[in-house]
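Written below as structure tokens is the structure these notes are about.
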Amino acid sequence: MQRELSEQEIVRRDALKRIKELGIDPYPADLFPVNVSAKEIHDNYERDKLSYKNICIAGRLMSTRVMGKASFSEIQDSSGRIQVYVNRDEICPGEDKTLYNEVYKKLLDIGDIIGIKGYVFTTQVGEITIHATELVLLTKSLRPIPIVKTDKEGNIHDGFNDPETRYRQRYVDLIVNPHVKDAFVKRTQLTNSMRNYLNNKGYMEVETPILQPLYGGAAARPFKTHHNTLDMQLYLRIANELYLKRLIVGGFDGVYEFAKDFRNEGMSRFHNPEFTQMELYVAYKDYEWMMDLVEEMVEKIAMDIHGKTEVQVGNNVINFQRPWKRFTMYGAIEHFTGIDVSKMTEEEMFNTAKKLGIEVDETMGRGKLIDEIFGEMCEGKLIQPTFITDYPVEMSPLAKKHRSKEGLVERFEAICNGKEICNAFSELNDPIDQRARFEEQLELGKRGDEEAMVLDEDFLRAIEYGMPPTAGLGIGIDRLSMIMTNSNSIQDVLFFPQMRPQKKVRVVELDDEEKSVLAYIKSKEKAEIGAAKSGYQESHEISNKKWDKAIKKLREEKLIAFSKNEQGEAIIEFIQ
RNA sequence: GACUUGUUAGCUCAGCUGGUAGAGCACAUCCCUUUUAAGGAUGGGGUCCUGGGUUCGAACCCCAGACAAGUCACCA
């Protein structure tokens with residue numbers, strides 16, 4: 001179905017047609033021999049002027065200021081923007097000035113991708129500029145892009161801000177909002193830095209199934225799908241933990257994966273249905289060791305991205321310098337509430353939670369209560385990176401029981417800016433205990449807990465062969481990216497955040513009611529508007545609003561006209 | 001899932017008590033040899049998110065819905 005084009009789109013399509021008539025290919029196939037970027041010129045021209053006498057650059061046309069025979073444009077390549085000076089008699093040395101007068105001045109639009117050959121100079125105003133000697137069209141753009149302007153004080157004019165449009169048309173967002181691009185560059189720096197760190201340690205990056213017959217490794221509701229040939233239900237993974245541990249059983253000492261995981265749950269500025277987690281498993285280590293690794297790795301990432309360990313996040317400056325603060329979960333609760341819950345019975349804890357103003361219900365066990373108290377009273381207050389250790393066993397069916405503390409597991413989370421950024425434990429490798437924990441989860445599932453884990457018989461078989469003591473880590477790449485880029489929403493660190501589809505555009509045609517109204521007016525030829533309405537309403541059921549809509553529509557379609565007679569009455573008239 | 005706010009030109013936004021839909025940028029036409037968000041002049045451009053209702057009359061009031069953002073709940 002052909003969309004109705006806006007005036008500006010029609011102008012551009014007409015320009016495209018004219019360009020073709022002039023024998024110019026608006027989408028040429030040949031490579032364009034780019035030999036420099038905008039950033040390189042800005043960085044190096046002043047101290048090495050001789051190297052920029054013969055340059056070739058390509059980019060998107062972002063602005064033009066035409067001043068008769070001379071004009072200035074700005075082009076933007078992947079590295080940034082640079083000004084281009086175009087002089088009529090230089091790009092058109094002969095008699096034929098079409099390239100300048102018609103193509104450059106009229107047929108090129110902001111958003112077109114062009115190639116420039118020329119040399120670099122500095123204008124009278126002192127701006128490093130490319131003096132164009134040749135100009136070619138590389139791609140014609142058929143839609144107008146938003147024109148965002150920044151003045152000398154750095155104020156942004158006519159910004160492209162609407163989050164919905166920005167996320168739905170991320171390509172436009174990336175073109176016109178440099179800070180958006182910057183956040184994604186930083187995200188990639190983050191994963192590069194992390195990957196380098198892990199590779200230098202000798203761990204192996206692996207890939208494990210995303211389509212899993214059983215989902216496991218986390219407490220979450222999965223996406224279901226179906227494989228036709230096997231005729232079986234499959235799930236999109238919620239975690240890759242159980243697969244990576246199988247690889248530890250298989251004899252790898254350290255494996256990691258940057259994993260896209262999928263959880264069929266609520267969405268918010270911290271949650272997207274698909275998100276990225278880096279999971280790492282290292283044999284013969286424990287959670288204490290893993291804490292040291294996390295500190296070291298994240299400190300290094302901050303250094304690699306920002307050149308320092310401090311990062312501005314909202315109103316806070318977060319410092320990733322080692323060592324980070326460490327609290328046990330009980331310790332954190334005592335620190336923030338003054339209450340020692342460690343020796344409380346479930347009943348005492350229930351009442352304590354209630355007193356603290358936390359919503360509780362009878363189904364909550366000790367572990368859930370502790371988690372609630374912590375989440376409510378402590379988590380949001382932890383701005384600087386902090387490790388919380390030793391979680392209740394009920395919440396952690398895959399973690400090893402604490403070596404000395406009853407009822408706890410060897411688990412830690414790192415909290416930063418009030419949010420969890422990673423989760424790790426000494427992995428449970430006792431197959432008997434693991435089976436028992438899975439069975440407890442099955443019970444929870446029967447009681448209606450949709451997030452309860454399912455029993456993975458193959459995983460149990462694997463660890464029955466023997467998994468060495470292992471430290472495991474899952475670190476949220478999106479969450480960490482948000483912190484490292486000072487982003488307020490996960491959507492700002494995902495190129496294409498999940499959105500509901502947009503409504504389809506309707507084709508407008510006369511409906512039956514409008515046709516009927518038109519027929520009536522035609523029969524009258526001409527009438528006072530109020531009389532026509534009441535006349536029509538005598539024989540037809542129609543509300544005033546619908547009548548009004550119908551006649552407005554008919555006028556738009558130029559099927560009827562409005563006017564006034566000598567008495568000043570509004571007259572409606574059928575047009576032949 | 002709940003609550004709050006929003007949706008008007010390609011973009012950013014005004015729009016009074018309900019009374020002919022506005023501005024800046026962009027676009028078009030014309031003039032102009034180094035400009036800096038903006039050279040000058042003139043002009044065109046609208047499904048006021050959708051559907052219903054109230055009203056002589058709705059961008060505006062009422063009801064229902066769509067989409068989004070924020071807060072909360074759940075979760076990483």
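Treat the numbers as computed from the prediction; the structure is a model and nothing was measured. Within every chain, numbering begins at 1; the chains are lettered A, B, ... in the order of the sequence lines, protein sequences first and strands thereafter.
Taking only side-chain nitrogens and oxygens, A/Arg65 comes nearer than 4.0 Å to OP1 or OP2 of B/A38. Between A/Gln491 and B/A68, a side-chain N or O to OP1/OP2 separation shorter than 4.0 Å is absent. Put simply, A/Arg269 has a side-chain N or O that comes within less than 4.0 Å of OP1 or OP2 on B/U71. Under 4.0 angstrom from either OP1 or OP2 of B/U36 there lies no side-chain N or O belonging to A/Lys149.
Once the 5.5 Å centre distance and the 30° plane angle are applied, the aromatic ring of A/Phe275 is found stacked with the base of B/A76.
If you check B/U71 for Watson-Crick or wobble pairing at under 3.5 angstrom, you find it paired to B/A2. Nucleotide B/A26 has no partner under the Watson-Crick or G-U criteria, as no pair reaches both atom distances under 3.5 Å.
Other residues, nucleotides and ligands place no more than 12 heavy atoms under 6.0 Å from the NZ atom of A/Lys354.
Using atom C1' as the reference point in both B/C49 and B/A58, the two lie 16 Å apart (nearest Å). Taking atom C1' in both B/C61 and B/G19, the straight-line distance is 15 Å, to the nearest Å. The P atoms of B/G24 and B/C31 are separated by 23 Å, rounded to the nearest whole Å. Between the P atoms of B/G22 and B/G15, the separation comes to 15 Å (whole Å). A gap of 25 Å separates the C1' atoms of B/U5 and B/G10, to the nearest Å. Between the C1' atoms of B/A41 and B/C32, the separation comes to 12 Å (whole Å). Nucleotides B/U55 and B/U29 place their P atoms 50 Å apart, quoted to the nearest Å. Nucleotides B/A38 and B/G53 place their P atoms 50 Å apart, quoted to the nearest Å.
Residue A/Lys106 has its side chain nearest to B/C30 when only B/A68, B/C30, B/U33 are considered. Taking only side-chain atoms of A/Glu376, from C-beta outward, the nucleotide of B/U34, B/C32, B/A73 with the closest atom is B/A73. When distances are taken from the side chain of A/Asp109 to each of B/A28, B/A76, B/A68, the shortest belongs to B/A28. Closest to the side chain of A/Phe72, out of B/U34, B/A26, B/G70, is B/U34. For A/Ser268, the listed nucleotide lying nearest its side chain is B/A73; candidates were B/C27, B/U12, B/A73. Here B/A68 is the nucleotide among B/C74, B/U35, B/A68 with the atom lying nearest to any side-chain atom of A/Arg168. Checked against B/C32, B/U33, B/A76, the side chain of A/Glu420 finds its nearest nucleotide in B/A76. Here B/U33 is the nucleotide among B/U33, B/A73, B/A68 with the atom lying nearest to any side-chain atom of A/Ala70. Of the listed nucleotides (B/A68, B/U12, B/A37), B/A37 has the atom at the smallest distance from the side chain of A/Asp151.
Distance CG (A/Leu5) to P (B/G46): 13 Å, rounded to an integer number of Å. A/Gln498 has its CD atom 10 Å from the P atom of B/A68, to the nearest Å. For A/Glu379 and B/A76, the CD to P distance is 10 Å, given to the nearest whole Å. The distance between atom CG of A/Asn161 and atom P of B/A68, rounded to the nearest whole Å, is 18 Å. Across the protein-nucleic acid pair, A/Ile490 atom CD1 and B/A68 atom P stand 16 Å apart, rounded to whole Å. Nucleotide B/A76 holds its P atom 15 Å from the CG atom of A/Leu473, rounded to whole Å. Distance, A/Met267 CE to B/A2 P: 16 Å, rounded to whole Å. Atoms CG (A/Asp162) and P (B/C67) sit 15 Å apart, rounded to a whole Å.
With rounding to the nearest 0.5 Å, the separation of CG in A/Leu398 from CG in A/Leu242 is 6.0 Å. To the nearest 0.5 Å, atoms OH (A/Tyr215) and CG (A/Leu236) are separated by 13.0 Å. Put simply, CD1 on A/Ile128 and NZ on A/Lys49 are 8.0 Å apart, with the number rounded to the nearest 0.5 Å. The OG1 atom of A/Thr485 sits 9.5 Å away from the CG atom of A/Leu480 when rounded to the nearest 0.5 Å.
Using a 4.0 Å heavy-atom cutoff across all strands shown, A/Asn264 reaches no nucleic acid atom at all. No contact: A/Glu413 has no heavy atom under 4.0 Å from any strand. Across all strands shown, A/Val125 has heavy atoms under 4.0 Å from base atoms, whether or not it also approaches the sugar-phosphate. Across all strands shown, A/Gly159 has heavy atoms under 4.0 Å from sugar-phosphate atoms exclusively, and none from any base. A/Thr150 comes within contact range of the sugar-phosphate backbone alone, with a heavy-atom separation under 4.0 Å but no base atom that close. Nucleic acid contact class of A/Tyr85 (heavy atoms, under 4.0 Å, all strands): base. A/Gln277 comes within 4.0 angstrom of no nucleic acid atom, judged by non-hydrogen atoms across all strands. Within 4.0 Å (heavy atoms only), A/Glu127 reaches at least one base atom of the nucleic acid.
Between the base of B/U33 and the side chain of A/Ser71 there is no donor-acceptor pair shorter than 3.5 Å. If you check distances only, the side chain of A/Gln83 does reach the base of B/U35 with a donor-acceptor pair under 3.5 Å.
Of the residues listed (A/Lys149, A/Gln83, A/Glu74), the one engaging A/Ser63 in a side chain to side chain contact (heavy atoms under 4.5 Å, CB included) is A/Glu74, and it is the only one.
A/Gln498 and A/Met267 make their closest contact through O-CE, 3.4 Å (heavy atoms, listed as atom of the first residue, atom of the second, distance). Contact between A/Ile238 and A/Ala218 at its shortest, heavy atoms only, is CD1-O, 3.3 Å. The minimum heavy-atom distance linking A/Ala219 with A/Met453 is given by the pair N-CE, 4.1 Å.
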I'd like to compare against my own output: the B/S/- annotation of nucleotides 4-10 of chain B with a strict under-4.0 Å heavy-atom distance to protein. ------B

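For the pair A/Gly68 and A/Ile110, nearest-nucleotide mapping onto RNA chain B gives the more 5' position to A/Ile110. Along RNA chain B, the nucleotide nearest to A/Met67 and the one nearest to A/Glu274 differ in position, and the one closer to the 5' end is contacted by A/Met67.
Figure legend: cation-pi geometry between A/Lys419 and A/Phe270, with NZ or CZ positioned under 6.0 Å from the six-membered ring centre and within 45° of its axis.
Sequence neighbours left out, the pairs with a member in residues 368-392 of chain A that pass ring pair (Phe, Tyr, Trp, His ring centres under 6.0 Å) are A/Trp324-A/Phe387, A/Phe387-A/Phe412.
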